[in-house]
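Here is the structure we will look at.
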Amino acid sequence: PIERLEEENQILEKIRNGEQVKHFETLRLTKDGRRIHVSVTASTIKDAAGKIIGASKVARDITEQKRVENELQKVNRALRLISLCNQEMVRATDETALLQAVCRLAVEHGGYRLAWVGFAVRFEAKSVCPAAQAGFEEGYLDTVNITWADVGRGRGPVGTAIRTGKPALVRDFLTDPTFAPWRAEAGQRGYVSCVALPLITEDRCIGALTLYAAKPDTFDIAETELLKEMAGDLAYGINALRHRAERMRAMEAVRESERRFQTL
């Protein structure tokens with residue numbers, strides 16, 4: 001491939017200049033077609049007079065090392081996101097503002113392409129109504145027409161998460177048949193994978209927080225578990241704000257009743 005030829009030329013140029021190449025990371029294709037991460041170290045071989053007469057090169061497979069590093073990076077990112085979202089929840093006094101803040105943090109600090117919250121509508125159609133979003137959306141939520149009923153458009157990640165109360169993951173939109181109804185619109189906006197996280201309050205799923213990424217296989221098990229915890233914290237915050245709003249309405253009703261009594 002042209003890319004590999006260019007890399008080899010870069011290494012050779014350094015060797016000609018008497019430089020040593022240490023831990024040059026690149027990708028290589030194995031004989032069985034697998035792509036692996038490789039660390040290349042190269043150095044010059046000189047004769048007694050100091051003249052360069054050759055070079056030595058060692059390539060080490062670091063695929064497993066890169067996988068572990070990537071998983072650790074994802075976990076740290078998710079933990080940071082949970083911390084930031086919890087800070088927003090502590091300060092929150094308005095449900096809509098909280099939802100919008102969590103979506104914004106997921107995009108800005110989580111690195112996701114799109115984040116949105118949808119609530120389950122408890123009517124016969126069982127539709128999902130978007131309540132907040134952040135990121136590269138470009139009208140996508142106007143086209144999704146998602147339901148959480150057990151039908152075709154309800155078997156995608158969002159409908160499944162709401163219906164089952166469990167996270168629903170799509171590793172690659174191009175190959176997952178459950179995502180077929182939304183594949184074209186998602187592809188136009190650069191969405192490749194996603195995870196839908198149920199929002200459960202008082203043993204009832206009220207909706208889902210869904211995160212979209214621009215690469216396949218973005219969400220691994222460890223990251224999904226942490227994001228599930230974040231969704232649980234968000235559901236608790238929503239429930240607390242709704243109860244607070246109900247108390248305020250009840251108190252206002254009592255005050256209004258007292259004013260009417262005094263008038264009479």
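The first residue in the sequence is number 1, and the count goes up from there. Below, all heavy atoms of this structure are taken into account, side chains as well, without hydrogens, waters or symmetry copies.
- Ring geometry, Tyr140 versus Tyr191: the interplanar angle exceeds 60°, so the pair is classed perpendicular (tilted spans 30 to 60°).
- Proximity of a side-chain donor or acceptor of Arg60 to a complementary backbone N or O of Val38 within less than 3.5 Å is not detected.
- Nearest heavy-atom pair, Pro167 versus Pro198, reported as atom, atom and distance to 0.1 Å: N-CD, 3.7 Å.
- Taking the charged nitrogens against the carboxylate oxygens, Arg189 and Glu185 do have a contact shorter than 4.0 Å, which makes a salt bridge.
- For Thr147 (side chain) and Ala125 (main-chain N/O), a donor-acceptor pair under 3.5 Å exists by modelled atom type.
- Nearest approach of Trp148 to Ala120, heavy atoms of both residues: NE1-CB, 3.6 Å.
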Derivation and outcome, side chain to side chain contact (heavy atoms under 4.5 Å, CB included), residues Val170 and Val195 = CA-CA 6 Å; Val170 178; Val195 63; over 6 Å; no

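- Put simply, the side chain of Glu95 never gets that close to the backbone of Leu241: no donor and acceptor are under 3.5 Å apart.
- Relative to the six-membered ring of Phe119, Arg204 misses at least one condition, a distance below 6.0 Å or an angle of at most 45° to the axis.
- For Arg183 (side chain) and Asp176 (main-chain N/O), a donor-acceptor pair under 3.5 Å exists by modelled atom type.
- The distance between the ring centers of Phe219 and Tyr112 falls below 6.0 angstrom.
- A donor-acceptor pair is defined here as one N or O able to donate and one able to accept, closer than 3.5 Å; such a pair exists between the side chain of Arg153 and the backbone of Asn145.
- Shown here is Asp203, whose CG atom has no more than 12 heavy atoms of other residues, nucleotides or ligands within 6.0 Å.
- Closest approach of Leu79 and Leu226 over heavy atoms only: CD2-CD2, 3.8 Å.
- For the pair Arg113 and Phe136, the cation sits on the ring face: its NZ or CZ lies under 6.0 Å from the ring centre, inside 45° of the axis.
- By the 6.0 Å contact criterion, CZ on Arg80 is open, its count of non-hydrogen atoms from other residues, nucleotides or ligands being 12 or less.
- With Thr160 contributing its side chain and Pro157 its backbone, the two residues share no donor-acceptor pair below 3.5 Å.
- Shown here is Arg259, whose CZ atom has more than 12 heavy atoms of other residues, nucleotides or ligands within 6.0 Å.
- Counting only distance, with no hydrogens or angles, the side chain of Trp182 and the backbone of Val144 share a donor-acceptor pair below 3.5 Å.
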